[in-house]
Amino acid sequence: MRCVESPKHRLHDPVHEVQFGVPIPAFEVPARADAIRSALEANGGFELEEPAEHGLGPIEAVHDPGLIRFLAEAWDEWRATNEAPELFPDSVLHPALIEGMGPPHEPRSPLARAGYWCFETMTPIVAGSYEAGRAAVDVALSAADLVLGGEPIAYGLCRPPGHHSPRAAFGGYCFFNNAAIASQHLIDRSGEPVAVLDLDYHHGNGTQQIFYRRSDVTYVSLHGHPDRAFPYFTGYEDERGAGAGEGSNLNLPLATGCDDATYLAALDRALEAIERADPSTIVVSLGMDTYRDDPICDFALTTPVYGEIGRRVAASGRPLLVLQEGGYHVPSLGENVVTWLRGAEGR
Ligand code: Q9C
Ligand code: ZN
C-alpha cells in the first residue's frame, strides 16, 4: 500500500493545551505521527513517500480566504509584540455578541484575531504551525492523487489533523480540513461524488459544515455523543443536511464505553448509508482515539476490531482514501493503524 507522510509535521510542536481553564501538556504532538510512521516502516507492505506541493488553490476551494491569511500571518505578528511561545485566544467571537448586527470587523491584534478565527483553547499556534498545516494538506492531496491514478487504497499520514475545521474557523487540534480539501480535489478531478466516513472518536463538525448543503459529498460519522463529547455543539442525529444536501449527512452518536460489537453494528448502518449514496470514492477520516486506552476519549475498542473495521469498509469495493485524524494513546497508534490498513487490504 502506498502511504504519504511529511517530516514537516514536526514543525507543529505545541507544548500546552488549555482544558477546564488549566494549561496541561499537549496531546496532539509530533510523537503521534512518528509512532505511526515507524510502525508502517517496520511492517512489510507499506511504501512511504513524501507529498508533492499542491499550492494554495485546493485550500482556497474549501476555506475562507481570511482564515488562510490569518494562519499564514499569525505567528510572525504574535512574535513581533509578544515573547510567549504559543498563541491561544482569550476571547472568542460568540455569535450572540453580534446578534441582529452586521458582519463583525476582523480585529487587528494577533490575540484578538485568534479569537476571531479559533473556537476553543486547545489548538495553540506555534512557530511552525502554518507550515505543518500546509504539509498535512499536501499529504492528503498527494494520497488523493494516488487514488485518482488508480490505487484501490492510499493512506495519508496527516498531522496536524483536520476534521474539526469548518470553512471559516480552526480548532480541535486542526488547522486546515485535510479530508474536506482532498474530497473537493477528488470531485474537481473526477466529476464524481464522494463519501466521507468519519471514524474519529470526535464528531467531524468541520467536514459536516463544509458539505452540509451539498449532495455530492455524503458525510457519515460515528462518534461520542455531543451530550458529553467535544465538539459539544454538533453531531446530533437530527443533523441530516440542508437544501440540496438534505439527507446526505448522517450522524451516529454513541454512548460512553462503546465496545467492539456496538461499534461494528453502527458501522454497518454507516456503510449502508454510503451504499445508498453510491460514491465513486470513500474518504475515511481515521481517528484512533476510539481505542480503549485513549487518554481523552471513552470508547472501549480493541486492536483486533480495527482489522475488522478496515475489512468491512473495503468490502464496499470502492477506492479508499484513508486520512489520519486523531488518536492520542501513542504506544498503540502504530499497531492500530497497521491493523486497520491490513484489514482493508485483506491481508
Ligand atoms: N475536555 C481530534 O481528535 N479536547 N481532535 C477535548 C475536552 C479536544 C480532538 C477535551 C479534542 C480535539 C482530531
Ligand atoms: Zn478525535
Side-chain angles (χ1 to χ4, degrees), residues 9 12 14 16-33 35-36 86 88-89 92 118-125 129 132-133 136-137 139-140 156-166 169-182 196-210 219 221-235 251-254 256 258 263 283-301 306 309 322-330 332-333 336-337 340:
H9 77 84
H12 178 59
H16 300 111
E17 59 182 70
V18 177
Q19 278 195 35
F20 323 113
V22 179
I24 59 171
F27 285 102
E28 204 295 288
V29 290
R32 298 179 53 249
I36 296 170
E86 300 171 283
F88 287 97
V92 167
C118 185
F119 61 86
E120 42 75 341
T121 64
M122 294 168 284
T123 313
I125 291 177
S129 299
V137 170
V139 166
L157 207 185
C158 296
R159 179 185 176 272
H163 74 153
H164 292 303
S165 290
F170 73 99
Y173 307 156
C174 304
F175 296 99
F176 299 119
N177 192 318
N178 309 310
I181 294 165
V196 178
L197 175 61
D198 194 324
L199 302 180
D200 187 277
Y201 169 87
H202 302 94
H203 180 242
N205 60 289
T207 313
Q208 169 171 301
Q209 185 276 329
I210 287 165
Y219 177 78
S221 178
L222 278 62
H223 49 266
H225 195 288
D227 62 12
R228 69 176 190 289
F230 181 90
Y232 310 123
F233 308 117
T234 62
N251 286 327
L252 299 170
L254 298 165
T256 304
C258 177
Y263 194 89
V283 178
V284 181
S285 268
L286 183 63
M288 285 312 176
D289 38 11
T290 50
Y291 186 56
R292 61 179 174 185
D293 291 336
D294 193 275
I296 62 172
C297 299
D298 63 10
F299 285 179
L301 301 201
Y306 292 115
I309 295 167
V322 184
L323 301 177
Q324 192 62 45
E325 299 281 358
Y328 306 98
H329 183 253
V330 175
S332 68
L333 276 177
N336 287 343
V337 169
W340 201 105

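Just follow the structure's listing: the first ligand is 1, and inside any ligand the first atom is 1.
Counting protein heavy atoms only, atom 4 (N) of ligand 1 is closest to M122 SD, 3.1 Å. The closest protein non-hydrogen atom to atom 1 (N) of ligand 1 is Q19 OE1, 3.1 Å.
For H202, a nitrogen or oxygen atom sits less than 3.5 Å from a nitrogen or oxygen atom of ligand 1, counting backbone and side chain alike.
Against a heavy-atom cut-off of under 4.0 Å, Y232 is close to the following atoms of ligand 1: 1 (N), 7 (C). Applying the 4.0 Å criterion to heavy atoms of H163 picks out, from ligand 1, the atoms 13 (C). Which parts of ligand 1 touch F20 is read off a 4.0 Å heavy-atom cut-off, strictly below it: atoms 1 (N). Within the listing of ligand 1, atoms 3 (O) sit less than 4.0 angstrom from a heavy atom of D289. Close approach of ligand 1 to D200 is summarised as follows: ligand atoms under 4.0 Å from at least one heavy atom of the residue are 3 (O). Taking every heavy atom of P161 and a limit of under 4.0 angstrom, the matching atoms of ligand 1 come to 13 (C).
Side-chain atoms of D289 and H202 form a donor-acceptor pair, as typed in the model, at a separation below 3.5 Å. Between H203 and T234, the side chains place a donor N or O and an acceptor N or O closer than 3.5 Å (distance only, hydrogens not considered). Counting only N and O atoms by type, the side chains of Q208 and N251 include a donor and acceptor under 3.5 Å apart.
E17 places a side-chain N or O within 3.5 Å of a backbone atom of F27 that can act as its donor or acceptor partner. In this structure a side-chain-to-backbone donor-acceptor pair under 3.5 Å is missing from N177 to P166.
Looking only at side-chain heavy atoms (C-beta outward), F119 and F233 stay at 4.5 Å or farther from each other. Residues R159 and Q324 fail the side-chain proximity criterion, which asks for heavy atoms closer than 4.5 Å. The closest side-chain heavy-atom distance from Y201 to D294 is not below 4.5 Å.
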Determine, stepwise, if the pair F88 / H16 fulfils ring pair (Phe, Tyr, Trp, His ring centres under 6.0 Å).
CA-CA 10 Å; F88 287 97; H16 300 111; 7.4 Å; no
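Using a 4.0 Å cutoff on heavy atoms, G172 counts as a contact of ligand 1. A heavy-atom separation below 4.0 Å is not found between E28 and ligand 1.
Its N, O or S atom nearest to the Zn ion (ligand 2) is what matters here, and for D289 that atom is OD2. Closest N/O/S atom of H202 to the Zn ion (ligand 2): ND1. The N, O or S atom of D200 lying closest to the Zn ion (ligand 2) is OD1.
Residue-level proximity to ligand 1 for Y328 is carried by the side chain, the only part with a heavy atom below 4.0 angstrom. If you look at H164 next to ligand 1, the close heavy atoms, those under 4.0 Å, all belong to the side chain.
In terms of heavy-atom proximity, D200 sits nearest to T290 at C-CG2, 4.3 Å.
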